[in-house]
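These notes are about the structure you will find just below.
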Amino acid sequence: MKCTRVRARGRESGFTIIELSVALGLLAVVAASLAGVFWSAVRTASVANHRTQAAAIASREIEGMRAVPYASVGFYGDETGYASTFESYTTVTLAGSTPSGTVPLIQPKTPDPSAAAGFAPDPNPANANPIVQSGVKYSVRRYVVWADAKDVSTTYTSAYKRLTVVASWSDAVGPHSVRQDSLLYPGGQGQYAGGATATTTSTPPTTISPVPTTPVLAAPVVPADPAGRTEIDLTWSQPAGGATIVSYTVQYSTSSTFPAGSTNAIANLPATSTTYPVTALASSTTYWFRIVANAATQTATSNSVSAATLAQPAPACTLGAVTVTGATSSSTTGTILKKHGNKSEMSENLTLGFSTTGTCTHTYNVKAVDPTGATDQGSPYILTANGSGSFSGSVLSLDQQGWSVGVHTFTIWDITANVATTAVKTFKVCAIGSATC
């Protein structure tokens, strides 16, 4: 009977503390391994979501550029971040500088408080970025380059514009980027002729229209200043023969190769024209010119010539204020004599200052006289140029005797021209015992 009860209690006993500890340890090891798997899955899903958003942003930007008229898709040379090439392709440049009043003025989503009124272009392009979605900041870069088309035997230069948008972002995993590319064909200009397979035809041969003779462009003439700062005058002649001229086009560029997108054109000049003044040019800049003679269906392009506009004049030299300051008291109105035995002495040295603006090539010093017109001790005083039109000097007058009480006049003297200037400063020397000066 006693043995039976012992066996029953053994069957009803639980786990020991050692068994529980071992079981919990095994559970912790398994849980730690699974945590890494779960975390990796969460990160992978997050990156995939961010990549989907970036792809949508890039596609939206591509479609935005495709919605712009073909001739307006590109960049101006003065735009912030402009690069002339991308992946060895030439950037589509509409002009060297943004034309005033023709480009919409847009403030970024986060306006710059220092931008001018009237929604002027933001001086800090970073304010327009990034695009924020789901708490992630996406930076967008856009590229528009010329792309060639090819068939079996021919390369058609600059047949298309290639659009590229790169959206970049960083998250907990690291930096990422998504890229979208698209070709933009000049719609509305007919079917592209390249790439077609040659076939025979029974159409009669077409009569070739006559070509105009090549115009001859003379050396440009730069007008006298000030017109020559922004104007260059052209003259050309048209040899006899060839097709009848219906108009002329003046082309000009800052490059002798007249690159596409960086060449300006003045079209539809009368067929009787032989001269034209090209205006609104940049000063101190070399330009290349050529004339295109337009017939009914054919054209002829002249020789190219170059000339440089005149420089803007240097700003005139203007003399600034003269300062006389007590070196110890910092007073700009006067100083006081002090007593030394039976003699009157100056109580401090004086500091001199002078400034100019504009283009000044002369050198200067300071001449000082006392109330009677007599020259002060040590005058003239040397001025040292400190750069940017700033000059300084000093009067070592401390403990000097013989300075007259009253108003002293300090005049800037033009050493180069050996004449007194109109830059003058008066400074008072007061008697011993004066409370103020």
Side-chain angles (χ1 to χ4, degrees), residues 42-116 118-148 158-187 259-262:
V42 170
R43 289 201 307 174
T44 301
S46 176
V47 171
N49 181 55
H50 298 162
R51 188 172 296 278
T52 300
Q53 291 178 339
I57 291 172
S59 297
R60 182 184 67 195
E61 296 298 321
I62 285 284
E63 292 306 315
M65 287 191 285
R66 293 179 64 86
V68 176
Y70 182 82
S72 300
V73 178
F75 301 96
Y76 292 96
D78 61 352
E79 290 189 73
T80 302
Y82 170 84
S84 59
T85 60
F86 172 65
E87 295 181 342
S88 76
Y89 291 94
T90 302
T91 296
V92 177
T93 307
L94 304 178
S97 59
T98 306
S100 175
T102 62
V103 177
L105 304 179
I106 303 173
Q107 274 278 30
K109 184 176 181 180
T110 304
D112 183 357
S114 65
F119 297 95
D122 197 308
N124 181 9
N127 286 333
N129 282 316
I131 299 172
V132 181
Q133 289 191 196
S134 302
V136 177
K137 299 180 178 180
Y138 296 89
S139 175
V140 177
R141 288 172 291 162
R142 305 166 186 83
Y143 304 92
V144 181
V145 297
W146 289 110
D148 298 341
S158 302
Y160 302 100
K161 293 179 181 179
R162 193 190 79 180
L163 313 178
T164 299
V165 174
V166 179
S168 305
W169 76 98
S170 294
D171 53 24
V173 178
H176 312 274
S177 64
V178 167
R179 172 172 172 161
Q180 292 277 357
D181 292 276
S182 177
L183 287 178
L184 183 63
Y185 176 69
S262 295

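In this chain, residues are counted from 1 in sequence order. Below, each value reflects all heavy atoms present in this structure, side chains not excepted, and no hydrogens, waters or symmetry copies.
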Determine the minimum heavy-atom distance between [X] and [Y], stating which atoms define it.
X    : Y    : answer
Q180 : A58  : CG-CB, 3.2 Å
F75  : Y82  : CB-CD1, 4.0 Å
V92  : V145 : CG2-C, 3.6 Å
L183 : A147 : CD2-CB, 4.2 Å
G64  : V68  : O-CG2, 3.5 Å

Margin query: Keeping T91 on the side-chain end and A83 on the backbone end, is there a donor-acceptor pair under 3.5 Å?
Written below: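 Judged by distance alone, yes, a pair lies under 3.5 Å.
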With a 4.5 Å heavy-atom cut-off, do [X] and [Y] have their side chains touching?
X    : Y    : answer
E87  : T164 : no
W146 : R162 : no
V144 : M65  : yes
E63  : R60  : no

Notebook entry, point to check: When rounded to the nearest 0.5 angstrom, what is the spacing between OG in S177 and OH in Y138?
Noted result: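 That separation rounds to 12.5 Å.
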Margin query: Tell me whether the rings of Y143 and F86 are parallel (<30°), tilted (30 to 60°) or perpendicular (>60°).
Written below: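 Correct class here is parallel.
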